[in-house]
Amino acid sequence: MIFKFGLLSAVVARWSIAILTLVRSCFVTGNLCSRWFPDESAEGHLDKFDELVRKELGFVQEILGSGAPHFRYVIANTATPVLGIFCHYVYMAVNDPFDWTVLGWMIGWFQIPPLVLLSFWEMLLCWRIGARFYSRVPLWIVLPFCMCVGIPINNLLWFQYAVMKYTFGFRFNWPVAGSLAFMWVVVVIPYVREYSHLLCPKRGGCCTARIS
């Protein structure tokens with residue numbers, strides 16, 4: 001479903017630009033601006049239409065061109081596994097079969113959100129790659145290839161935390177805290193890039209806006 005959303009986003013965004021460009025050329029050559037904007041002067045017809053095009057393109061870019069769904073959908077899709085595993089950790093903390101202490105179990109839970117969010121971002125990347133190369137590479141090749149790259153990355157990110165946890169203990173200590181902080185930084189960076197258009201709306205995003 002996510003992959004299809006990305007493919008549809010890319011296609012609609014590109015067709016919107018193409019259609020608006022075509023319509024603009026028709027207005028210029030056919031002098032149809034006066035029919036759409038009868039209250040404007042002859043010199044103001046094209047300016048009015050240019051303003052309309054910029055507004056519509058901004059709308060398309062806001063909805064589709066960021067290459068990512070609205071952030072509330074990210075939360076909705078990732079909240080279920082995160083909260084479900086949280087309940088499991090609470091149960092384990094109460095029963096504590098491995099003598100890790102409640103604090104140790106709760107600290108351990110903070111490894112879950114970055115892993116889930118990173119997996120979701122990798123799916124976004126999968127459908128972006130598929131939308132870009134859908135006419136040259138079959139989708140059944142793109143998805144397994146991206147997963148073969150993403151799964152080892154997730155495993156390495158978790159493995160460095162596991163090494164710190166089993167080396168320095170399950171209670172709070174700075175090596176484990178630093179490992180968790182590293183996991184969160186790795187996840188925050190791509191999400192800041194994806195949603196930079198929301199963080200810096202006046203500048204079009206902290207990174208260069210793109211239409212996938």
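- Across all non-hydrogen atoms, the minimal contact from Y89 to G108 is CE2-C, 3.7 Å.
- Separating the CE atom in M183 from the CE atom in M164 is a distance of 12.0 Å, to the nearest 0.5 Å.
- Note: the hydrophobic cluster containing M123 also contains I151 (ILVMFWY, side chain heavy atoms under 4.5 Å, direct or indirect links).
- Transitive grouping of hydrophobic side chains (ILVMFWY, heavy atoms separated by less than 4.5 Å) brings F86 and I75 into a common cluster.
- Residues L157 and L115 approach most closely at CD2-CD2, 4.2 Å, considering heavy atoms.
- With W184 contributing its side chain and P113 its backbone, the two residues share no donor-acceptor pair below 3.5 Å.
- A continuous path of ILVMFWY side-chain contacts below 4.5 Å connects Y166 to Y161, so both sit in one hydrophobic cluster.
- If you check the side chains of D96 and T101, you find no donor sitting under 3.5 Å from an acceptor.
- The OG1 atom of T78 lies 15.5 Å from the CH2 atom of W121; values are rounded to the nearest 0.5 Å.
- Atom CE of M92 and atom SG of C87 lie 14.0 Å apart (nearest 0.5 Å).
- Residues L117 and F159 share a single hydrophobic cluster, defined by chaining ILVMFWY side chains whose heavy atoms lie under 4.5 Å apart.
- Following chains of ILVMFWY side-chain contacts shorter than 4.5 Å, one cannot reach I189 starting from Y195, and the two form parts of different hydrophobic clusters.
- The aromatic rings of Y191 and F71 sit perpendicular to each other, their planes meeting at more than 60°, with 30° as the lower class boundary.
- In plain terms, the two heavy atoms of V187 and P114 that are nearest each other are CG2-O, 3.1 Å.
- Side-chain contact between W109 and V90 is absent, with no heavy atoms from C-beta onward closer than 4.5 Å.
- For V176 against G169, the heavy-atom pair with the smallest separation is CG2-O, 3.9 Å.
- Considering all non-hydrogen atoms of both residues, V116 and P81 come closest at CG1-CG, 3.8 Å.
- Scanning all heavy atoms of the two residues, the minimum distance from A93 to M106 falls at CB-CE, 4.2 Å.
- Here the CZ-CG distance, from R72 to N77, works out to 12.0 Å after rounding to the nearest 0.5 Å.
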